[in-house]
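Single-structure report; data block below.
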Amino acid sequence: MRLSRTVTALLLAAAALVGCKSQYDMILDSNDVDAKYKAAFEYFNKKKFTRAAALFESMAVMTSGTERDDTVQFYWGLSNYNSGDYYTAETNFQQFISNYPRSTFAQQAEFLHIDCLYRQTLRYELDQTPTYTAMAAIGEYLTQYPEGANADICRHMMEDLSERLDRKAFENAKLYYTMEDYLAARVALKNVLKDDADNIYREDILYYSAMASYKYAFNSVVSKQKERYLVFVDDYLNFIGEFPESHYRKELDNLYDKVKEKI
């Protein structure tokens, strides 16, 4: 009797759960492609992107090879993108580009793929591997669509990412200056410009190079100071030659006047 009551209770509980199943859950679990397709777009248009993504994903296999195939795949990615799941969306769009290069959604998918990569890049202090990946994808897009609708946005992304790499290189070299290793600082700063003469922090780099050479000479033994102050003079003249109106000019001029008295 007790076993029978337990079984009955479990059956009733299961029936209750089935009865409480939402319309969304029933559509998600069904094999009715038309119902899924209609519901997916209804949720998408209502900005319920997480539910829309689940529905598009659930019918992806069912629509494979049909005329709805690329639409379902694209909107699956777009739903993930709009929900803020850029990692999954990036994978969606990468697969879409590979599978449907001639789709009417192809160019938009390529841009959204780039945007996902861009959004996954990290602050300049951290690993910049994602930045290089995004820049490579942007370069390919601009080569293919130089006048595309999103070309200007991509160029802005490229500028932002390039600035991030420039800053990372500058800050890494400047760290030696902060640590008061002035000889290493000057070498590291000069190497930044050797690798990238157009670094947007060029003015700062040349300023810290001059400051590093001055402080290295200032802290040297007297017998070596003259030779090392001459290095500062070279750095000073290079700096004012390029940036005569710099806000650093007054400070460097004062140091140069002091050095002239010593050499």
Side-chain angles (χ1 to χ4, degrees), residues 114-115 117-139 141-142 151-263:
I114 287 169
D115 195 44
L117 292 173
Y118 176 75
R119 291 171 184 269
Q120 293 178 73
T121 57
L122 306 174
R123 301 191 312 271
Y124 79 88
E125 314 98 285
L126 304 175
D127 176 36
Q128 292 303 301
T129 299
T131 296
Y132 289 110
T133 301
M135 291 177 74
I138 293 170
Y141 180 88
L142 290 174
D152 286 342
I153 297 174
C154 287
R155 291 187 185 96
H156 175 74
M157 290 180 183
M158 185 72 89
E159 289 174 4
D160 177 57
L161 296 177
S162 295
E163 187 275 337
R164 201 176 302 177
L165 295 178
D166 283 357
R167 185 173 181 185
K168 185 176 181 66
F170 165 55
E171 295 289 351
N172 284 348
K174 183 185 169 186
L175 184 61
Y176 290 104
Y177 183 89
T178 303
M179 296 167 60
E180 299 183 357
D181 187 347
Y182 299 120
L183 179 60
R186 185 177 184 276
V187 171
L189 289 161
K190 292 293 185 181
N191 283 339
V192 171
L193 294 182
K194 185 182 295 184
D195 294 336
D196 178 17
D198 295 323
N199 188 297
I200 65 169
Y201 293 95
R202 184 178 179 88
E203 180 179 353
D204 300 279
I205 292 168
L206 290 176
Y207 162 74
Y208 280 103
S209 294
M211 290 298 296
S213 60
Y214 174 82
K215 291 188 177 184
Y216 181 61
F218 181 82
N219 292 314
S220 298
V221 296
V222 175
S223 62
K224 292 188 177 289
Q225 281 187 331
K226 181 177 179 179
E227 174 189 353
R228 291 171 182 176
Y229 276 132
L230 288 172
V231 175
F232 163 75
V233 171
D234 285 342
D235 288 345
Y236 165 79
L237 294 174
N238 287 335
F239 182 87
I240 64 171
E242 284 198 42
F243 304 102
E245 305 299 324
S246 172
H247 64 284
Y248 293 128
R249 175 71 186 265
K250 184 176 180 180
E251 180 184 8
L252 292 177
D253 283 347
N254 289 335
L255 294 178
Y256 177 66
D257 290 340
K258 290 180 181 179
V259 168
K260 284 194 299 184
E261 296 175 359
K262 296 180 180 182
I263 60 175

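Keep in mind that the numbers below use all heavy atoms, side chains included, and drop hydrogens, waters and symmetry copies.
- Between Glu180 and Lys215 there is no salt bridge, since none of the side-chain N atoms of the basic residue sits less than 4.0 Å from a carboxylate O of the acidic one.
- Ion pair Lys250/Asp253 not flagged as a salt bridge, since none of the NZ, NE, NH1 or NH2 atoms sits closer than 4.0 Å to an Asp/Glu carboxylate oxygen.
- In this pair, Tyr214 and Phe218 present their aromatic rings parallel. The plane angle is below 30°, not in the 30 to 60° band.
- The two residues Met158 and Gly139 come nearest to each other via the heavy atoms CE-N, 3.7 Å.
- At least one side-chain heavy atom of Met135 sits less than 4.5 Å from a side-chain heavy atom of Thr131.
- Of all the heavy atoms in Leu126 and Lys168, the pair that sits closest is O-NZ, 3.3 Å.
- When all heavy atoms of Arg228 and Ser220 are compared, the pair lying nearest together is NH1-OG, 2.9 Å.
- In the model, Ser213 has a side-chain atom that pairs as donor or acceptor with a side-chain atom of Asp235 under 3.5 Å.
- A salt bridge links Arg164 with Asp160: the distance from a Lys NZ or Arg NE/NH1/NH2 to an Asp or Glu carboxylate oxygen falls below 4.0 Å.
- For Tyr182 and Tyr177, the distance between ring centers is under 6.0 angstrom.
- We find that Asp166 and Arg202 are not joined by a salt bridge, their nearest charged nitrogen and carboxylate oxygen being 4.0 Å or further apart.
- Rounding to the nearest 0.5 Å places CD1 of Ile138 at 8.0 Å from OH of Tyr118.
- In this pair, Tyr201 and Phe170 present their aromatic rings parallel. The plane angle is below 30°, not in the 30 to 60° band.
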